[in-house]
Amino acid sequence: MTSPSLTDDSNSPNPLREGLRIRPVPDPAIVVIFGATGDLAARKLLPALQALAAGNFLPPAFAVLGYGRRDKDDNAFRDDVRKALEEHGQNGDSATTEGFLSQVYYQRGNLDNAADFEALGKRLKKIAAERNIAPNVLFYLSTPPEHFEPVIRNLGHTGLNQPENGWARVVIEKPFGRDLDSAHELNAVVAEHFGEEQVFRIDHYLGKENVQNILVFRYANAIFEPIWNRRYVDNVQITVAESLGMEGRGDFFDKAGVARDIMQNHLLQLLCLTAMEPPVALAGDAVRDEKVKVVRSLCRIEADDVAAQTSRGQYTSGDLNGKSVPGYLQEEEVPADSTTETYAAARVFIDNWRWSGVPFYLRAGKRMPHKITEIAIEFRQAPMHLFEETRGEEARPNALIMNIQPDEGMAVRFYSKVPGTQMRVRPVVMDFRYGSSFGVEPPDAYERLLLDALLGDSTLFTRADEVEEAWRFFTPILEAWEAAGKDGMHNYEAGTWGPDDAQRLTDQDDKQWRRL
Ligand code: BG6
């Protein structure tokens, strides 16, 4: 059916940007990017910083210092950044871009060499003096994870973690550890040198507009919360599907797998925001306290139950959008006998008053037919006896679907009478889309998160205990999969929605995965 589109009641020409604009401007600061010549810096960090600068969200006294192993000078790095902005940036005529580039510098150095960090300290002082910037520094660790510890230690040993008369903060990219022990160890190293209020563990899903909207949707409206519990909710399905394969990241991905790469962090964050209790305030610890309680309340899936409560698979070659694509084992840098999962699904329960007995079905996969991230709340069936004979084969429960991407929005599915002389009912969908309602594209997640880190607001970042609790839940699953190797690994053709085996998880409750 054609869906009614909801409209925005405000008169603001650009509510999202306006929403950002009324925030305070951060202190003058220098952002240091470790791993400045890498892919993330080019695709996300530098374009986000430039967009913030173009939108006047940054103070005039501001600089970006790229730190990398490659030998180059400021101008050569500026050329690289210019190219990256052309390719991946959205905002900016050439004057704004050149203005931004004039604030960009480069420092060559190794990540494990203390002398190079001494040199970094001197360079920071020099730039700060030249540009009249107070000694505030945001260190962004955009390096492979094995460098996190040495960088943190070097920042600590050289005193860069505690500048005089200023602040130092550190943003740490994912993956934060690869199991409970390694995350715990990394947290300990971080805590030796930085206070928790200085640490910003990033999960870029928390910066996505519609992920933040989960909280608005739940707590700014009175109509949803009363039914947001086991009494009315039948099951919850969270899907993070991607059509991408390895895209040159085979080596990284093969050491991670989709559970470490997506589920333990992005997908779990979606679960937490969906399931958490209302926080006492919309501020750092209040929100994170509630999220952590959700993870703590997850019923553990112990080794013996892993096979029954989870499903995993690897894609084989297939057709995707009219193109034939190789299977996972034929991807570059992937060992031919790899047992790394490119698809994973789990049936989990939250043992608390709100959710006891409600299955949460989680799935994430690469090489699915298209990209889609959604949270679907399926409600219990109404007592349908009045319409039993007429509802035909299309019986589908009421559902509320939060589309995280690509079409950010919300949809509600309910029954309606089919026009005509008979009493026939059919499910229909009422849709709200960000694009059509607000008429703007939401800012990239990294823009929001970088701005928050510069403002010292950690609400959308993961706290030390939260990340460890997440690993505490996933580690037994990962260990059981590793022990089982190929046993229990199911193939699915690229361009399909994953292995048939995943059906087992919903079958146990006489439910079905949503067709996407
Ligand atoms: C990253 C993962 O964290 O998230 C990638 O490492 C994945 O494998 C990406 O493709 C997905 O992010 P987004 O924003 O495109 O959904």
Side-chain angles (χ1 to χ4, degrees), residues 13-68 74-107 123-124 126-140 142 166-171 173 200 202 204 207-209 440-457 460:
N14 186 339
L16 301 178
R17 297 242 161 238
E18 290 299 309
L20 282 174
R21 195 182 299 281
I22 55 171
R23 308 190 66 188
V25 172
D27 297 331
I30 303 179
V31 174
V32 175
I33 304 179
F34 293 107
T37 55
D39 193 47
L40 183 70
R43 277 190 309 112
K44 295 288 181 186
L45 305 182
L46 291 157
L49 286 168
Q50 194 257 353
L52 288 173
N56 293 326
F57 297 112
L58 300 180
F62 187 82
V64 178
L65 176 60
Y67 183 101
D74 291 341
N75 281 332
F77 184 57
R78 285 177 187 150
D79 288 342
D80 296 346
V81 177
R82 191 178 288 107
K83 255 186 244 145
L85 296 179
E86 275 162 19
E87 213 173 313
H88 307 288
Q90 290 168 351
N91 277 278
D93 48 64
S94 71
T96 11
T97 303
E98 292 309 313
F100 173 72
L101 290 173
S102 70
Q103 298 175 296
V104 171
Y105 299 84
Y106 184 78
Q107 175 78 8
R123 188 77 198 280
L124 285 170
K126 191 159 174 265
I127 297 170
E130 264 170 36
R131 304 198 70 105
N132 201 15
I133 305 177
N136 301 317
V137 189
L138 181 75
F139 295 104
Y140 199 115
S142 163
W167 50 253
R169 297 184 188 131
V170 58
V171 181
E173 260 298 335
F200 294 74
I202 201 164
H204 77 280
K208 288 185 190 280
E209 204 63 33
V440 281
E441 286 300 313
D444 187 78
Y446 279 90
E447 284 180 49
R448 166 69 195 246
L449 294 174
L450 275 162
L451 185 59
D452 279 7
L454 284 163
L455 288 165
D457 180 350
L460 300 178

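A distance of 9.5 Å separates CD of E447 from CD of Q50, quoted to the nearest 0.5 Å. Put simply, CG on L124 and CD1 on I30 are 5.0 Å apart, with the number rounded to the nearest 0.5 Å. Going from atom CD1 of I127 over to atom CG of N132 covers 14.0 Å, rounded to the nearest 0.5 Å. One distance of note links CG of L46 with OH of Y446; it measures 12.5 Å at 0.5 Å rounding. Note that CD of E87 and CZ of R43 are 10.5 Å apart. Values are rounded to the nearest 0.5 Å. A distance of 7.5 Å separates CD1 in I202 from CG in L45, rounded to the nearest 0.5 Å.
Shown here for L451 and L52, the closest heavy-atom pair between the two residues is N-CD1, 4.0 Å. Nearest heavy atoms, P26 versus F57: CD-O, 3.1 Å. Closest heavy-atom contact between A41 and P47: O-CD, 3.6 Å. Shortest non-hydrogen contact noted between P28 and I133 is C-CG2, 3.8 Å.
Partners of E98 under the salt bridge (Lys or Arg N to Asp or Glu O under 4.0 Å) rule, at least two apart in sequence or in another chain, are R82. When the side chain to side chain donor-acceptor pair (under 3.5 Å) test is applied to R123, the partners found at least two apart in sequence or on another chain are D74, Q107. Every residue was checked against the salt bridge (Lys or Arg N to Asp or Glu O under 4.0 Å) condition with K83, not counting sequence neighbours, and none meets it. Among residues two or more places apart in sequence or in another chain, the salt bridge (Lys or Arg N to Asp or Glu O under 4.0 Å) test is passed with D80 by K72. Residues satisfying the side chain to side chain donor-acceptor pair (under 3.5 Å) test with Y67, not counting sequence neighbours, are none.
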- Query: Which is it for L454 and L58 under the side-chain contact (heavy atoms from CB on, under 4.5 Å) test, yes or no, and what are the steps along the way?
  - Reply: CA-CA 9 Å; L454 284 163; L58 300 180; 3.8 Å; yes
- Take L450 and L138, measure what side-chain contact (heavy atoms from CB on, under 4.5 Å) needs, and give me the verdict at the end. CA-CA 9 Å; L450 275 162; L138 181 75; 4.3 Å; yes
Using distance only, find each side-chain donor-acceptor pair of residues 99-106 under 3.5 Å and give its atom names and separation, not counting sequence neighbours.
| from | atom 1 | to | atom 2 | distance (Å) |
| --- | --- | --- | --- | --- |
| S102 | OG | G99 | O | 2.6 |
| Q103 | NE2 | P60 | O | 3.4 |
| Q103 | NE2 | F62 | O | 3.1 |
| Y105 | OH | R131 | NH1 | 3.0 |
| Y106 | OH | G68 | O | 3.3 |
| Y106 | OH | R70 | N | 3.4 |
| Y106 | OH | R70 | O | 2.6 |

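Judged by distance alone, with hydrogens and angles left aside, the side-chain atoms of R169 form a donor-acceptor pair with the main-chain N or O of A453 at under 3.5 Å.
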